[in-house]
Structures are given as C-alpha cells and as structure tokens.
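Scroll down for the structure; my scribbles are underneath it.
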Amino acid sequence: MNYWLMKSEPYVYSFDDLVRDGKTMWDGVRNYQARNNMRAMKKGDLVLYYHSNKGLEIVGVARVVREAYPDPTAEKGDWSAVDIEPVVKLNKPVPLKLIKQTPELSRMQLVRNSRLSVSPVTPEEFARILELGETTLPA
DNA sequence: GCCAACGTTGGC
DNA sequence: GCCAACGTTGGC
C-alpha cells in the first residue's frame, strides 16, 4: 500500500465535491513527474487531499479505485488519469503552516516542491497527518 | 498582485 | 546541447 498527496483548487474541485460525486476522474495533469506518480498508484492506495490557492490545508483522505489509464482530456501527448473516491473528511483540516512547523512533516514533497500536484507520501507522514487531523480511518 | 521556483520552448 | 526567454503554479 502506498500513500500519495493530490492537490486541487477548492473552487475548481473541492473534497466536498468529491464526497458529493462519490467518485471522480483525476485528469488534466500535464506534468511528467506528477503523471509518473499517478502511474505508480495501485488500486486501494490512499491519497491525502490538499486544497491549494484557497484553504492551503489537507482536508480529507481519498482512495484510488482505478489505476492509470489514458487521460481522455489529452488531445495530444502521453498523459494519464486515475479514478478516486472519498474515504473520510478530516475532523480537523491540517494547514500547510502546521505541516511546515512539524519537524517530521517539513520534508514532505508538498513543502519542498510546492508546484508538484501529485506527490508520494511516506507511511509515517500519512499517519502523522491523520493524527494532526484528529481522524482515524474507517474500518 | 507579486514573485520565487520550476518546466518548457526555441534560437543558436 | 546549451541557455535565455517565457509561461505556469502556488504561497505569501
């Protein structure tokens, strides 16, 4: 099982939108590093959902339900999409500010390369985020 | 709204 | 193949 972090601008597609829809296709990624991360995702992998631009916090956990397939929105080039579903909304969102202040989290890709929209997360980082979010995964 | 960081493009 | 110019992302 691997862990990831994906960013979305909440006014474009928020975690609540994902909860409402029950599932979504994660498309439109046009960055090779992010694409390669998406291709490494396995069904069942868990994803931290981060709101960029507005909010600047991790708000929920999602799960990969379909592994990488050709991005139907790509008119040219070799791009991928995955499908995700919501797992749980954090009881307390975890702001970027707090992540930066937390020594174990300050080396997250989110902090080190703020422009990367899909990044890997270590199991330790994932656990710590849930802890800070005062949230446990549903059984 | 600004600007730093990063990626891409294109001239040479 | 280098690198300057440009575009985009995203935090501040």
Side-chain angles (χ1 to χ4, degrees):
Chain A
M1 154 97 67
N2 291 310
Y3 300 93
W4 309 92
L5 181 141
M6 288 172 129
K7 298 196 222 185
S8 180
E9 294 159 358
Y11 45 84
V12 175
Y13 196 83
S14 69
F15 188 77
D16 286 339
D17 291 332
L18 177 60
V19 170
R20 182 199 62 212
D21 294 345
K23 176 184 165 183
T24 200
M25 173 176 73
W26 204 266
D27 59 16
V29 171
R30 297 292 181 271
N31 171 284
Y32 290 110
Q33 212 180 332
R35 183 204 67 184
N36 292 342
N37 287 333
M38 285 168 70
R39 288 183 177 175
M41 291 179 177
K42 296 290 174 197
K43 200 172 169 179
D45 282 359
L46 294 173
V47 178
L48 296 172
Y49 200 104
Y50 175 81
H51 282 170
S52 62
N53 276 294
K54 286 272 156 52
L56 308 186
E57 57 194 12
I58 294 171
V59 291
V61 179
R63 176 168 34 228
V64 177
V65 290
R66 184 178 172 193
E67 295 176 12
Y69 56 97
D71 183 346
T73 70
E75 290 183 4
K76 54 176 183 172
D78 182 19
W79 301 107
S80 296
V82 296
D83 290 354
I84 61 170
E85 67 178 9
V87 174
V88 66
K89 186 172 178 168
L90 296 188
N91 290 318
K92 245 179 81 177
V94 179
L96 178 63
K97 202 175 168 184
L98 179 58
I99 291 169
K100 286 183 169 175
Q101 285 167 0
T102 306
E104 311 94 283
L105 299 178
S106 62
R107 292 192 62 76
M108 286 180 73
Q109 287 259 12
L110 174 69
V111 177
R112 298 169 66 200
N113 181 1
S114 67
R115 294 194 44 192
L116 186 60
S117 62
V118 181
S119 60
V121 172
T122 69
E124 293 77 17
E125 288 164 351
F126 186 86
R128 193 79 178 94
I129 295 285
L130 282 193
E131 217 176 288
L132 291 172
E134 296 175 6
T135 301
T136 51
L137 290 176

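Chain A is the first sequence line, chain B the second, and so forth, proteins listed ahead of strands; every chain is numbered from 1.
Regarding A:L56, its CG atom lies at a distance of 16 Å from the P atom of C:dT9, rounded to whole Å. One atom, CD1 of A:I58, and another, C1' of C:dG11, lie 15 Å apart when rounded to the nearest Å. Atom P of nucleotide C:dC12 and atom CD1 of A:I99 are separated by 11 Å, given to the nearest angstrom. Per the geometry, CD belonging to A:Q109 stands 16 Å off C1' belonging to C:dG10, to the nearest Å. As a whole-Å value, the separation of A:M6 CE from C:dG10 P is 13 Å. Summarising the geometry, the separation between CG on A:L110 and C1' on B:dC6 is reported as 15 Å, rounded to the nearest angstrom. Between A:N53 atom CG and C:dT9 atom C1' the separation is 8 Å, expressed in whole Å. Put simply, CZ on A:R30 is 11 Å from P on C:dT9, counting in whole angstrom units.
Contact between the side-chain N/O atoms of A:Y32 and the OP1/OP2 oxygens of B:dC6 is not found at any separation under 4.0 Å. A close approach under 4.0 Å does not occur between any side-chain nitrogen or oxygen of A:K54 and OP1 or OP2 of C:dC12.
Each of C:dG10, B:dG7, C:dG11 was ranked by its minimum atom distance to the side chain of A:E9; first place goes to C:dG10. Across C:dG10, C:dC12, B:dC6, the shortest atom-to-atom separation from the side chain of A:N113 is found for B:dC6. Side-chain proximity of A:R115 to the nucleotides C:dG11, B:dG7, B:dC6 is greatest for B:dC6.
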Check against salt bridge (charged side-chain N to carboxylate O under 4.0 Å, His left out), A:R30 and A:D71
CA-CA 10 Å; A:R30 297 292 181 271; A:D71 183 346; 2.9 Å; yes

Before you tell me yes or no, could you show the steps for A:E67 and A:K43 under salt bridge (charged side-chain N to carboxylate O under 4.0 Å, His left out), namely the whole-Å CA-CA distance, both residues' side-chain angles and the distance that decides it to 0.1 Å? CA-CA 6 Å; A:E67 295 176 12; A:K43 200 172 169 179; over 6 Å; no

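For the atom pair OH of A:Y32 and OG of A:S80, the computed distance is 11.5 Å after rounding to the nearest 0.5 Å.
With hydrogens and angles ignored, the 3.5 Å screen pairs no side-chain donor or acceptor of A:H51 with any backbone N or O of A:Y11.
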